[in-house]
Amino acid sequence: MSADKRFYITTPIYYVNGTPHIGHTYTSVVADTAVRWRRLKGHAAYFLTGTDEHGQKVLDKATERGMSPKDHCDDMVVHWKAMGTRFALSNDHFVRTTDPGHVACVKAVLMDLWERGEIYKDSYTGWYSTTAERFWTEKDLVDGKCPDTGQPVTKIEESNYFFRMGSYGQRLIDHIEANPDFILPEKRKNEVLGFLRKGLGDLCISRPKERMAWGIDLPFDTDFVTYVWFDALLNYLSVPGYLPGGDDDYLGTWPADYHLIGKDILTTHSVYWITMLMAMQVPLPKHIYAHGWWMSADGEKMSKSLGNAIDVNLLADEYGVCATRYFFLREIALGADGNFSYQGFQTRYNADLANDLGNLAHRALSMTSNWLGGLTPALEAPGELEADLRSVATQAVRDYAEGMDTLQFKAALDALWELVKAGNKYIDTSAPWALNKKGDTARLATVMRSVLELCNLVGGLLLPVMPAKMEELLGRIGRSVPQAEADVRAVLADEIEPMAALDDGVTLDLGDPLFPRFRKLPEAIAALFGEPDEAPEQPAKKAKAPKEPPPPTPEDAIGYDDFAKVRLQAGKILECRRHPEADKLLVVKVDVGEPEPRQIVAGVADVFAPEQLVGRTIVVVCNLKPVKLRGIWSNGMLLAASNESGVQDLVGAVCDPGAKVK
Ligand code: ME8
């Protein structure tokens, strides 16, 4: 396989001092989608994940549980492997840093660097942070505490071994500057450059056993164990089979295309790891991609102690694994932070999966079953509408592929959803129900065939994102996964046009809707808050268009020009608190796509507690004159749905803040 068809992606290896949470699942799902996409394209793609089992944090947890560190790790690793099974992770290997092969590699690297003078012994006085597992100098401390974790530090004087990291500072700066996409996104690159330009010191890579003995012995001094990061980072090379002085077999996989990490571990990867590789004289990885953090709906860091942690297994139980994977990838661009709310999750689920994609599939299957005997019809009379749909598909495939290749999953899915929406619009415009009534079977067959082709194309393209659900969709239209993958490859290689893959006369399987709509939060989730229902769904639109007579004009009718004066925009609620002077009012901060959020005072405190609104995307009247309401400025108005008994819900939107509502 040529080098440009090889792909190697890694996740961080996770500490086994706790069980997996939303952040870990997120990183892993992102990496899994990237690797599945490469495999779909026919590349030899390798995906590595695993657990980081040495060091102080893990030792502390084992001690707390009254277990030996290894027994503790063996017990905890089960949860991490279970996350993989649950979320359909297709990793080629699961590494544990206690694996003998990994330990042997770490020792060999240390010995080689020691023999070549890259490691030296020195005595050192510094402030040690147990929580960050590193030393700080006096000037690094913030109010006498660890600048990273805010926890107390202890002054320690001891002999240790150091890696000559500082001698690679300039080379690292040069490399980053010469390779602008080495550290992504760009703002992370700038952070690393800023850090490096302050001057780079050497790295303490040992811990005396008398202080912390849970780690890999230094091969040249067994009174010490290896610093956990020096050990852990090497997993990316120990698994491909790297050994200093050995043959170059590991180059079948290495260099990694992407080290996918959270922004919290940028320095260890882009500085420690890269300078280690420079000293080891090993080629550097192609990209380090730091993604953002999932925060709670009100923008707090999630933690079990704050009670705002999200149980991803609950999401998977209630909405499905595939929907959870889809949400992660579509909701935020890779690199950005995201605020998680269950309501926001469900809104996206209903809009994108139940409505857009689910409807497309259900309409294709049910109309073909009802009117064409449930067999894939022939493309009998293609015309302009089909040509238009095909050109939308061509563009969407191009944009989707570009996004998937570069880990821009949100952009990729945005592009594909243009096609899904175009497919639904095509059905509306073609009106197959009218064709059926007229007995125009040739046109009806053409329309249904086109929509089924679209389902095949979209289903194949989405396999990396929602593997099980898309397999189900493809099965319904009589297509196997390998067939759909071959179709995608043929389209990407311009061997066939999009939407020209299916065979005539294949039996379809209607089945239940793929993504059933949720009218209210599932009970198990609502129970977390004691929470309200979603706004009731509008009755389904009748398929049949109304007959001609003009609708009655309301007495208070306005022309379009008047309506156009009202500037309606989508807005995301960032903060919400009670008005200090009025029981019925809430003070809301809304992102409407402007540089600063707007403050709006809204009379909905009877219906909503402030925390229920944070994270929701709503419709805002943006050109109302600001007014002061009980002493607080209100700059705009939220649209709410009401009946005689008062406000029922806010009018929601599923789009980015700032989008015009017309
Ligand atoms: O740092 N949002 O392990 P770790 C998004 N063992 N991602 C999050 C997150 C959040 N709220 N919280 C955690 C370690 N993550 C080391 C790594 S690698 C050689 C050693 C994800 O268990 C994110 O990917 O603390 C982050 O980098 C990783 O979990 C940290 O996992």
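FYI, the numbering just counts along the sequence from 1. In listed order, ligands and their atoms are each counted from 1. As the structure is a computational prediction, the values presented were derived from the model and not from experiment.
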Assess His269 for proximity to ligand 1: is some non-hydrogen atom of it under 4.0 Å away?
yes
Check the angle between the aromatic planes of Tyr349 and Tyr319 and answer parallel, tilted or perpendicular using the 30° and 60° thresholds.
tilted
So which bit of His291 gets within less than 4.0 Å of ligand 1, heavy atoms only: side chain, backbone, both or neither?
side chain
Which atoms of ligand 1 have any heavy atom of Asp264 under 4.0 Å away?
26 (C), 27 (O), 30 (C)
among protein heavy atoms, the one nearest atom 29 (O) of ligand 1 is His24 CD2, 3.2 Å
Does Gly18 reach ligand 1, in the sense of a heavy atom lying below 4.0 Å from it?
no
Could you identify the single nearest non-hydrogen protein atom to atom 4 (P) of ligand 1 and state the distance to 0.1 Å?
Tyr15 CD1, 3.8 Å
Flag Leu233 as yes when one of its N or O atoms lies below 3.5 Å from any N or O atom of ligand 1, and as no otherwise.
no
Of all protein heavy atoms, the one nearest atom 13 (C) of ligand 1 is His21 CE1, 3.5 Å
Per-atom filter on ligand 1: closer than 4.0 angstrom to a heavy atom of Gly292 are 5 (C)
For Arg171 and Glu177, what are the C-alpha separation, side-chain angles and deciding distance, and is it a salt bridge (Lys or Arg N to Asp or Glu O under 4.0 Å)?
CA-CA 10 Å; Arg171 202 173 134 193; Glu177 285 178 339; over 6 Å; no
May I ask you to decide if Tyr272's main-chain N or O and Thr268's side chain share a donor-acceptor pair within less than 3.5 Å?
no
With the threshold set at 4.0 Å, does a side-chain nitrogen-carboxylate oxygen contact exist between Lys209 and Asp223?
no
Considering only non-hydrogen protein atoms, determine which one is nearest to atom 2 (N) of ligand 1 and report residue, atom name and distance to 0.1 Å.
Trp294 N, 2.9 Å
State the atoms of ligand 1, each with its element, that fall below the 4.0 Å cut-off from a heavy-atom position in Asp52.
6 (N), 16 (C), 20 (C)
List the closest protein heavy-atom neighbour of atom 1 (O) of ligand 1: residue, atom name, distance to the nearest 0.1 Å.
Ile265 CG2, 3.5 Å
Is there a donor-acceptor contact under 3.5 Å linking the side chains of Arg207 and Thr226?
no
Would you call Arg330 and Asp414 a salt bridge, taking side-chain N to carboxylate O under 4.0 Å as the test?
yes
So, Arg65 and Asp75, do they make that salt bridge, N to O below 4.0 Å?
yes
Please confirm whether Tyr236 approaches ligand 1 to less than 4.0 Å, judged on its heavy atoms.
yes
Protein contact of atom 10 (C) of ligand 1 - nearest heavy atom, named by residue and atom, plus distance:
Gly23 CA, 3.6 Å
What protein heavy atom lies closest to atom 17 (C) of ligand 1? Include the residue and the distance to one decimal.
Ile13 O, 3.2 Å
Taking atom types as modelled and ignoring hydrogens, do the side chains of Tyr15 and Glu53 form a donor-acceptor contact shorter than 3.5 angstrom?
no
Does ligand 1 have an atom under 4.0 Å from some heavy atom of Met295?
no
What verdict does the ring-ring contact (aromatic ring centres under 6.0 Å, His included) test give for Phe7 and His43, after you've listed the backbone C-alpha separation in whole Å, the side-chain angles of each residue and the deciding distance to 0.1 Å?
CA-CA 7 Å; Phe7 184 75; His43 295 188; 7.9 Å; no
Using the rule given for salt bridge (Lys or Arg N to Asp or Glu O under 4.0 Å), can you reason through Lys263 versus Asp337, listing the C-alpha separation, both sets of side-chain angles and the distance that settles it, and then say yes or no?
CA-CA 10 Å; Lys263 63 181 181 179; Asp337 289 338; 2.9 Å; yes
For ligand 1, which atoms have a heavy atom of Thr27 less than 4.0 angstrom away?
21 (C), 23 (C), 24 (O)
Aromatic centroids of Phe47 and Tyr258 separated by under 6.0 Å
no
